[in-house]
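Keep in mind that the numbers below use all heavy atoms, side chains included, and drop hydrogens, waters and symmetry copies.
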Amino acid sequence: MTPARSRRPGAPSRTERGIPEATVARLPVYLRALTALSDSGTATASSEDLATAAGVNSAKLRKDLSYLGSYGTRGVGYDVEYLRYQIAREIGVTQDWSVVIVGIGNLGHALANYSGFGTRGFRIVALLDADPALVGERVGDMVVRDFAELDEIVATEDVAIGVITTPAGPAQEVCDRLVAAGVTSILNFAPVVLSVPAGVDIRKVDLSIELQILAYHEQRKSGEAALTEVPELPVINGVPKVDDLPKRPLRSEVAK
């Protein structure tokens, strides 16, 4: 397998058009915010309003949108529908993309039943699994097909994106089969890092890592609360008795 291309350490990753990857990652967030504004009947929005809806600061939003062109009007703001269309066109969701999901366990079932894909430019064309016990099972309005049919499905449905929801063990083999069949974009939910050749884009979603990040912040908040809590001093004959004051834990101890 040809190794994936690497870039100079520290160099910002950019798309062929020159848009930083970090900006590309935020464009769907802006699109979601614009969709919500549109659904609420908002015709124009300032950069501050849009930034608040997207959960970013307005300076970052303006810089991100500057890579796409000048769509805002000073003193007026952004035309919500027009900017929504421009971002949708930039990230490619003004057309339908054919998607296959491989691995129809609990997560595969959940994704297959998610109704939001169709409204966002993605069409699930096949649910695939290698387990004979699952092949033929109906999930929503689709029937699980044998993974052995992958090549035919990719060719006939012009599949652009493969979603891997298998356990870690078979994930690399599934990835290799998808690439060999001609799939050039992969979304990986398996708890393993996959290797792909140059020209294949892969995104990894690891829910356990996201939960661990939240656990870290919870621990930090608990630690800060312990460090700032000041117990009431015992008083004897009107004088605080400092010797009885519990020792405040060191920050290193709280972190443990």
Side-chain angles (χ1 to χ4, degrees), residues 1 3-15 19-33 51 53-57 60-61 64 91-93 97 99-117 120-122 124 127-131 160-179 183-226 251-256:
M1 177 177 291
R5 288 190 292 265
S6 61
R7 65 178 187 275
R8 175 173 54 84
S13 177
R14 292 176 179 264
T15 63
I19 302 176
E21 289 289 351
T23 296
V24 173
R26 286 188 289 269
L27 291 181
V29 179
Y30 300 151
L31 181 60
R32 181 179 62 193
V56 301
N57 66 64
K60 179 178 290 184
L61 177 136
D64 286 343
I91 62 179
V93 294
W97 297 97
V99 179
V100 294
I101 298 176
V102 183
I104 313 303
N106 291 334
L107 180 56
H109 271 81
L111 292 177
N113 283 312
Y114 176 57
S115 60
F117 290 128
R120 289 169 172 80
F122 303 98
I124 307 300
L127 309 177
L128 304 175
D129 204 291
D131 185 350
I161 300 171
V163 179
I164 299 176
T165 55
T166 67
Q172 183 63 61
E173 181 182 354
V174 169
C175 179
D176 294 343
R177 288 281 305 279
L178 285 166
V179 171
V183 176
T184 55
S185 291
I186 294 172
L187 181 61
N188 174 36
F189 283 90
V192 63
V193 176
L194 302 178
S195 298
V196 296
V200 175
D201 294 305
I202 187 165
R203 299 282 297 179
K204 178 171 172 52
V205 180
D206 193 321
L207 301 180
S208 65
I209 287 178
E210 299 302 322
L211 287 171
Q212 287 166 8
I213 292 171
L214 290 175
Y216 165 79
H217 289 295
E218 282 299 310
Q219 177 177 260
R220 287 292 298 270
K221 286 184 284 187
S222 299
E224 291 299 326
R251 287 181 179 272
S252 59
E253 292 174 342
V254 171
K256 293 178 183 177

Which residue pairs pass the side chain to side chain donor-acceptor pair (under 3.5 Å) test when at least one of the two sits in residues 183-192, sequence neighbours left out?
none
Looking only at heavy atoms, which two atoms of Val196 and Cys175 are closest? And how far apart?
CG1-SG, 3.5 Å
Residues Val99, Val163; criterion side chain to side chain contact (heavy atoms under 4.5 Å, CB included); working and verdict
CA-CA 7 Å; Val99 179; Val163 179; 3.6 Å; yes
Atom CD1 of Ile209 and atom NZ of Lys204: how far apart are they, to the nearest 0.5 Å?
6.0 Å
With sequence neighbours left out, write down each residue that passes side chain to side chain donor-acceptor pair (under 3.5 Å) with Asp64, or none if nothing qualifies.
Thr23, Arg26, Tyr30
With Glu218, which residues qualify under side chain to side chain donor-acceptor pair (under 3.5 Å), at least two apart?
Lys221
So, do Val183 and Ile161 sit near enough that their side-chain heavy atoms are less than 4.5 Å apart?
no
Partner set under side chain to side chain donor-acceptor pair (under 3.5 Å) for Asp206, not counting sequence neighbours:
Ser208
When you compare the side chain of Ile124 with that of Ile101, does any pair of heavy atoms fall below 4.5 Å?
yes
For the residue pair Val205 and Leu187, establish whether any side-chain heavy-atom pair is separated by less than 4.5 Å.
yes
For a quick test of reading the model, state the closest non-hydrogen atom pair linking Leu178 to Gly162 and the distance between them.
CD1-CA, 4.3 Å
Please name all residues satisfying side chain to side chain contact (heavy atoms under 4.5 Å, CB included) with Ala171, sequence neighbours left out, ordered by chain then number.
Ile164, Thr166, Ala190, Val192, Leu194
With sequence neighbours excluded, what pairs up with Phe117 under the ring-ring contact (aromatic ring centres under 6.0 Å, His included) test?
Tyr114
Would you say that Ile91 contacts Leu31 through its side chain, given a criterion of any heavy-atom pair below 4.5 Å between the two side chains?
yes
Does Leu214 have any side chain to side chain contact (heavy atoms under 4.5 Å, CB included) partners at least two apart in sequence or in another chain, and if so, which?
none
Should Ile186 and Asp201 count as side-chain neighbours, where that means a heavy-atom distance under 4.5 Å?
no
Interatomic distance, CD1@Ile104 vs CG@Asp131, rounded to 0.5 Å, equals 11.0 Å
How long is the straight-line distance from CD1 of Ile202 back to OG of Ser195, given to the nearest 0.5 Å?
8.5 Å
